[in-house]
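Here the structure is laid out as structure tokens; the discussion comes afterwards.
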Amino acid sequence: MLELSYIRDNKETVLKGLRKRNFNEEGLEIVSKVLELDDRRKEIQSQLDQYLNEANILAKQIGDLMKTGKQDEAQALKADVAAVKDKSKLLEEEIKQVKDNLEEKLLTIPNIPHESVPAGKSSDDNFVYKDWTNSFPQLWPGAQPHWELAEKYNLFDLALGAKISGSGFPLYRGKGARLQRALIAFFLDNAVKEGYEECQPPLLVNEATARGTGQLPDKEGQMYYAEKDDLYLIPTAEVPLTNIYRDVIVAEKELPMLLTGYTPCFRREAGSYGAHVKGLNRVHQFDKVEIVRFEHPDNSYNSLLIMLEHVESLLQALELPYRILRLCGGDMGFTSALTYDFEVYSAAQQRWLEVSSVSNFETFQTNRMKMRFKDENGKNRFAHTLNGSALALPRIVASLLENHQTENGIRIPEKLVPYTGFEWIN
RNA sequence: GGUGAGAUGGGUGAGUGGCUUAAACCAACAGUUUGCUAAACUGUCGUGCGGGUGACCGUACCGCGGGUUCGAAUCCCGCUCUCACCGCCA
């Protein structure tokens, strides 16, 4: 959620930012609308405070009169209080309406893209920030896509997963299951080495938590929901990890705070079926190691670059061809100010697969969550949040299997061997 | 699932209708003292909103939501959560 004071002081910047997100002139009216509502809110607040002040003074007088035995005079004042109360009641109702309306509108405004974010309609307009300049792995004619390799080497079984749960719930087994565990441990170890604190959060979260990071009300349909208990299955560890600091004010020197966690992630992905979702390309349940940072606003963009390097180092260790995209305004998530996507090349499918999304949310999430730090002047300010996948497993596995396949089996990258305990899948 | 107790500021915890934004203690921060550390002493030490250049002023907030009252942390109702014990259970 954008800060109202920010919208007020930077209206032109906000409008420019929303245009980058392809808001038309009609859509942009929301900005003026919000400011008008806020003006009205302030107006009512002033008047209301005045009435309440009057009532408080009268109540005190009544108390004093009662104590000194002047019952009659006290009774007379009670009528005055009642009159003031009537007026304040009306204003209270009105201000509640205005506030609700304001909040509702504010929640529909996405984050303002960073000035460096290119305009654009869709993923076609994303800017290649760092391209893969080496040659791609050359596969021989008999090379197979990962779903065929999985069958050949008994690594995972989608049909079996479908029997047990439904489509999109892979069942890993044998060396496939071991590979999952190895990747998770490898990613976690690397995050911890970078200074992130390892966490194991709950996988089901309540409404306030889902709201804090912006999954609600924006992406309600994307989450699985356990109705009986009013809990949501997390679509990413970002949700529970970031909410650790909901409604918390920390000392400035505590920043930055770095958290990492492995969790399964659950996504309904309603409506996405077809050729692109074959194999592990898109599933309802997958494993991911997430990194989350709470940063001082002055440092957040620098830290974003540090996160990029971290994710890059993982992909290099796994010896996978990758590229980094800078998302355009039209393709960026609702809550993000700047997002880099990482894609690995799937040699057998001959296309890029997204494996990580690293974003700076600035104060968009912390404003919703009321997560602040006390600055050197004793003022409470919203911290910046950042997060990124480091990494999401399924497409890494897909790419790993496809790119490292040989006629004699699939080679495990050297850095991963200590985790898998085997050098070859064959 | 059953029974009981509870929810107050960063923490412990006092506070049963007006003198309470809320005692006291601890932690934290600043200063004095000191060769250094420690101790001692002094001071500061909640959040949102509105107003003001500002010191400040007003207002709301004692788990959440209602209610009673001129006036509620305090009384009433509903909800949520926590803790303890029992049952079930990895």
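Residue numbering restarts at 1 for every chain, and letters A, B, ... go by the order of the sequence lines. Note: hydrogens, waters and symmetry copies are ignored here, and every other heavy atom, side chains too, is used.
- Atom OH of A:Y51 and atom C1' of B:rG50 are 15 Å apart (whole Å).
- Shown here, B:rU12 forms a base pair with B:rA24; the pair counts as Watson-Crick or G-U wobble because both key distances fall under 3.5 Å.
- Within the structure, salt bridge (charged side-chain N to carboxylate O under 4.0 Å, His left out) contacts touching residues 201-216 of chain A (residues at least two apart or in different chains) are A:E207-A:R211.
- Per the geometry, CG belonging to A:N377 stands 14 Å off C1' belonging to B:rC29, to the nearest Å.
- Under the side-chain contact (heavy atoms from CB on, under 4.5 Å) criterion, A:Q180 pairs with A:Y172, A:D287, A:L393, A:V397, not counting sequence neighbours.
- Partners of A:T13 under the side chain to side chain donor-acceptor pair (under 3.5 Å) rule, at least two apart in sequence or in another chain, do not exist in this structure.
- A:Y301 meets the ring pair (Phe, Tyr, Trp, His ring centres under 6.0 Å) test with A:H114; sequence neighbours excluded.
- For the segment residues 73-89 of chain A, the set of residues with a heavy atom within less than 4.0 Å of an atom of RNA chain B comprises A:K78, A:V81, A:K85, in numerical order.
- Base pairing annotation: B:rU59 forms a Watson-Crick or G-U wobble pair with B:rG48, both donor-acceptor distances under 3.5 Å.
- Pair assignment for B:rC64 gives B:rG78, based on Watson-Crick or G-U wobble hydrogen-bonding distances that are each under 3.5 Å.
- In this structure, B:rU3 and B:rA84 make a Watson-Crick or G-U wobble pair, each of the two defining distances being under 3.5 angstrom.
- In this structure, A:K288 forms no cation-pi arrangement with A:Y262, as its terminal cationic atom is not both closer than 6.0 Å to the ring centre and no more than 45° off the ring axis.
- Here, B:rG9 and B:rA14 have their C1' atoms 13 Å apart, quoted to the whole Å.
- Of the residues near RNA chain B, A:M66 and A:I249, the one whose nearest nucleotide (by heavy atom distance) lies more toward the 5' end is A:I249.
- A:K374 has a side-chain polar atom (N or O) that falls below the 4.0 Å cut-off from OP1 or OP2 of B:rU47.
- Taking the P atoms as reference points, B:rA30 lies 22 Å from B:rG48, given to the whole Å.
- Between the P atom of B:rU80 and the CG atom of A:D229 lies a distance of 12 Å, rounded to the nearest Å.
- Applying the ring pair (Phe, Tyr, Trp, His ring centres under 6.0 Å) rule to A:F334 yields the partners A:F364; only residues at least two apart in sequence or on another chain are considered.
- In terms of the side-chain contact (heavy atoms from CB on, under 4.5 Å) criterion, residue partners of A:Q47 (sequence neighbours excluded) are, by chain and number, A:Q50, A:Y51, A:L91.
- When the C1' atom of B:rC70 is taken as reference, atom CG of A:D64 falls 12 Å away, rounded to whole Å.
- Taking the P atom of each, B:rU47 and B:rA23 are spaced 15 Å apart, rounded to whole Å.
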Which atom pairs link the protein and nucleotides 6-11 of chain B when you take only N or O atoms and keep those under 3.5 Å?
none

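- Across all strands shown, B:rU32 pairs with B:rA40; the Watson-Crick or G-U wobble distances both stay below 3.5 Å.
- When the P atom is used for both B:rU37 and B:rC29, the distance is 14 Å, rounded to whole Å.
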_Evaluate A:R411 against A:W424 for side chain to side chain contact (heavy atoms under 4.5 Å, CB included), listing each step before the verdict._
CA-CA 5 Å; A:R411 182 180 62 83; A:W424 290 89; 3.8 Å; yes
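- One atom, CZ of A:R40, and another, P of B:rG50, lie 15 Å apart when rounded to the nearest Å.
- At a threshold of 4.0 angstrom between heavy atoms, the contacts of A:K253 are confined to the sugar-phosphate backbone, with no base atom among them.
- Distance CG (A:L231) to P (B:rC81): 9 Å, rounded to an integer number of Å.
- The side chain of A:R372 places an N or O atom within less than 4.0 Å of a non-bridging phosphate oxygen (OP1 or OP2) of B:rG48.
- Checked against the 6.0 Å centroid threshold, A:Y129 and A:Y340 count as a close aromatic pair.
- For B:rG71 and B:rU59, the P atoms lie 15 Å apart once the distance is rounded to whole Å.
- When the C1' atom is used for both B:rU68 and B:rU74, the distance is 13 Å, rounded to whole Å.
- Across all strands shown, the partner of B:rC70 is B:rG18, judged by Watson-Crick or G-U wobble contacts whose two distances both fall under 3.5 Å.
- The ring pair (Phe, Tyr, Trp, His ring centres under 6.0 Å) test applied to A:F286 returns no partner, not counting sequence neighbours.
- Of the C1' atoms belonging to B:rG65 and B:rG11, the separation is 28 Å, rounded to the nearest Å.
- Rounding to whole angstrom units, CG of residue A:D230 and P of B:rC79 are separated by 16 Å.
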Polar atom pairs between nucleotides 52-59 of chain B and protein, under 3.5 Å, N or O only, would you list them?
{"residue": "B:rG58", "atom": "O3'", "partner": "A:N53", "partner atom": "ND2", "Å": "2.9"}
{"residue": "B:rG58", "atom": "N2", "partner": "A:D49", "partner atom": "OD2", "Å": "2.7"}
{"residue": "B:rU59", "atom": "OP1", "partner": "A:N53", "partner atom": "ND2", "Å": "2.8"}
{"residue": "B:rU59", "atom": "OP1", "partner": "A:N56", "partner atom": "ND2", "Å": "3.2"}
{"residue": "B:rU59", "atom": "O2'", "partner": "A:D49", "partner atom": "OD1", "Å": "3.2"}

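- Comparing the same atom, P, in B:rG18 and in B:rC25 gives a spacing of 24 Å after rounding to whole Å.
- Contacts of A:V250 classified as side-chain contact (heavy atoms from CB on, under 4.5 Å), with partners at least two apart in sequence or in another chain: A:Y245, A:V248, A:E254, A:L255, A:M257, A:M371, A:F373.
- Salt-bridge check for A:K96 with A:D100: passed, with a basic side-chain N closer than 4.0 Å to an acidic carboxylate O.
- For A:E73, there are no salt bridge (charged side-chain N to carboxylate O under 4.0 Å, His left out) partners two or more places apart in sequence or in a different chain.
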